[in-house]
*Asks:* 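Dumping the structure here so I can ask a few things about it.
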Amino acid sequence: MSVNTRVLEWTETDLGVAGEQREVVRAPASVLATPGERVDPTSPDVVRLAADLVATMRVSPGCVGLAAPQVGVGAKVFCVDVSEHPKTREHHGTFVLCNAEVVSGSRNEKAREGCMSVPDLTGDVKRPSRIVVRGQLPGTGEEVELEAEAFEARALQHEIDHCDGLLFLDRAAGAHAVYARKTYL
Amino acid sequence: MTLHAITVLGHDRPGIIAETTDKIAGLGLNLEDSTMTLLRGHFAMMLVCEGPADDAEIEQALAPLTADGSLTVTVREVPAERAEAGDGSSWVLSVHGGDRPGIVSAVVAVIAGVGGNITDLTTRLASDFYLLVAEVDLPSGTDVAAVESELSRVAADLGVGVTLRAAETDEL
Ligand SMILES: [Zn+2]
C-alpha cells in the first residue's frame, strides 16, 4: 500500500475556520437512513461542516470517524482519523472527504463495529480490508484517490455508508451478528 | 433414535447451563443442537438431545432447576427432522427504525408470501430504536427484485428502513 502524501499532510487547519462541536444524532433519526446529497466542497457551508465534524470527532472519546448525517446534515461529507487506534497500520492521519466513493476493494474481513449514532448495539460486518477511495478535499475541492487498508479501510467504508444512508446494521453478517452493549437490568 | 426438545426459561444467574447439561449428561443423552440467549435479561435456552431416557425421566432430572420457581423447564419428544438440501438462495434481511407495533409481522409476511423461510431471527429494542435481522432462504426462481420492492413498500408504510443482501460465504 502507498500512502497518499497530499491526504496525509492535510490537517483541519487547512480549512481556515475553527470547528465547533455539534450534537451527534442517534438512530432512528431519519437523516441516518437517507442518502446524503452531493456537495460543493469549496462552499463555505461545507468547509464549516468539515471543521465541525473534525472538532466533534476530537471531543468524542474513541471516535475514529464522523459523517455529516450523524450531526443531522444529509450531505456526503465525513472525517476520519484512525492514527491513535491500536488496530491501525498505515494511515492518512486526520482528513475530510466530500462526495467520496469506494472505487475498488478486496480481501474481505469480518470485524465488530460500533457507532456513536447507535450507542446500544454492535455488530459483525464483513468488509474489504484493502480499498481504493476517491473523493474531494473540502476547501480546495481537489480530487484525491487513496489506498487504505485494515482499520482505516473499515472506518472509511463505515463513514461512506453513513453518507449513503446506511448503518453498519444494514450489513450485519447474520441474525447472530448483532450484540447489545448493555444488559437490561 | 429418540429426540427430546428441552426449553429452560426464566431468571438469569450463573450456572444454569452447567447444571442443565450436567443432568443431561447424567442420563446419557447427547446434546445435538442448542441455542441460548438473554431476552430482555431473561435466560432462554433451547436444546435438542438424543438418547434413551423418556420425557418424564428428563423432567425429573431437571426438577431441581425449577425448585425455587425462578425457571421453567419443558421437555417434549420430537421427531427427527430431515435438513433440507435447499436449492434456493440465502439472504440477510435487516430492518430498523423507530419502535412501533407490527414491524416484525408486516415484514415477515412479505417473506412468507413468496414461500421464503426464515432460518434465524434476532430483534433488538434499544431505547426507541428497533432492529430486526433475519436470515432468509428464498425458493429458487424467486423474483428477488420484486421481494425487495415489496419489502421497501411495507417498510415505508412503517417508517422504517429495510435492506436485503445475499448471504456471502467465503470458502477458505
Ligand atoms: Zn457510525
*Asks:* Within a 6.0 Å radius of atom CZ on A/R48, are there more than 12 heavy atoms belonging to other residues, nucleotides or ligands?
*Replies:* no

*Asks:* How about residues 68-99 of chain A versus chain B: which residues have heavy atoms under 4.5 Å apart?
*Replies:* none

*Asks:* Which pair of heavy atoms, one from B/E135 and one from A/A175, lies closest together, and at what distance?
*Replies:* OE2-N, 2.7 Å

*Asks:* Cluster question for you: counting only ILVMFWY and a side-chain heavy-atom cut-off of under 4.5 Å, with indirect links fine, are B/M46 and B/M36 together?
*Replies:* no

*Asks:* B/R124 and A/V178: which non-hydrogen atoms are nearest, and at how many Å?
*Replies:* NH2-O, 3.4 Å

*Asks:* Could you tell me which portion of B/V92 (side chain, backbone, both or neither) has an atom closer than 4.5 angstrom to a non-hydrogen atom of chain A?
*Replies:* side chain

*Asks:* Mark yes when over 12 heavy atoms from residues, nucleotides or ligands other than A/E101 sit less than 6.0 Å from its CD; otherwise mark no.
*Replies:* yes

*Asks:* Against chain B, label A/A173 side chain, backbone, both or neither, depending on which of its atoms sit under 4.5 Å from a heavy atom there.
*Replies:* backbone

*Asks:* Verify the cluster assignment for A/L49 and A/M116: are they in a single hydrophobic cluster under the rule of side-chain heavy atoms below 4.5 Å apart?
*Replies:* yes

*Asks:* Nearest 0.5 angstrom please: B/L132 CG to A/L169 CG, how far?
*Replies:* 11.5 Å

*Asks:* How about CZ on B/R165, more than 12 heavy atoms from neighbouring residues, nucleotides or ligands closer than 6.0 Å, or not?
*Replies:* yes

*Asks:* Non-hydrogen contacts under 4.5 angstrom with chain B: give the residues of residues 12-41 of chain A involved, or none if there are none.
*Replies:* A/A27, A/P28

*Asks:* Relative to chain B, which of A/G174, A/A172, A/A177 shows the most heavy atom pairs under 4.5 Å?
*Replies:* A/G174

*Asks:* Hydrophobic clustering (ILVMFWY, side-chain heavy atoms < 4.5 Å, transitive) - are A/V102 and A/V7 grouped together?
*Replies:* yes

*Asks:* Would you list the pairs meeting side-chain hydrogen bond (donor to acceptor under 3.5 Å, both in side chains) in which at least one residue belongs to residues 93-112 of chain B, sequence neighbours left out?
*Replies:* A/D170-B/H96

*Asks:* Quick check: under 4.5 Å, non-hydrogen atoms only, which of residues 156-167 of chain A neighbour chain B?
*Replies:* A/L166, A/L167

*Asks:* Considering only heavy atoms, which portion of B/L121 lies under 4.5 Å from any heavy atom of chain A: side chain, backbone, both, or neither?
*Replies:* backbone

*Asks:* Check the hydrophobic clustering (I, L, V, M, F, W, Y; side-chain heavy atoms under 4.5 Å; chains of links allowed) and say if B/L31 and B/M45 are grouped together.
*Replies:* yes

*Asks:* Transitively linked via ILVMFWY side-chain contacts under 4.5 Å: A/V133 with A/F168?
*Replies:* no

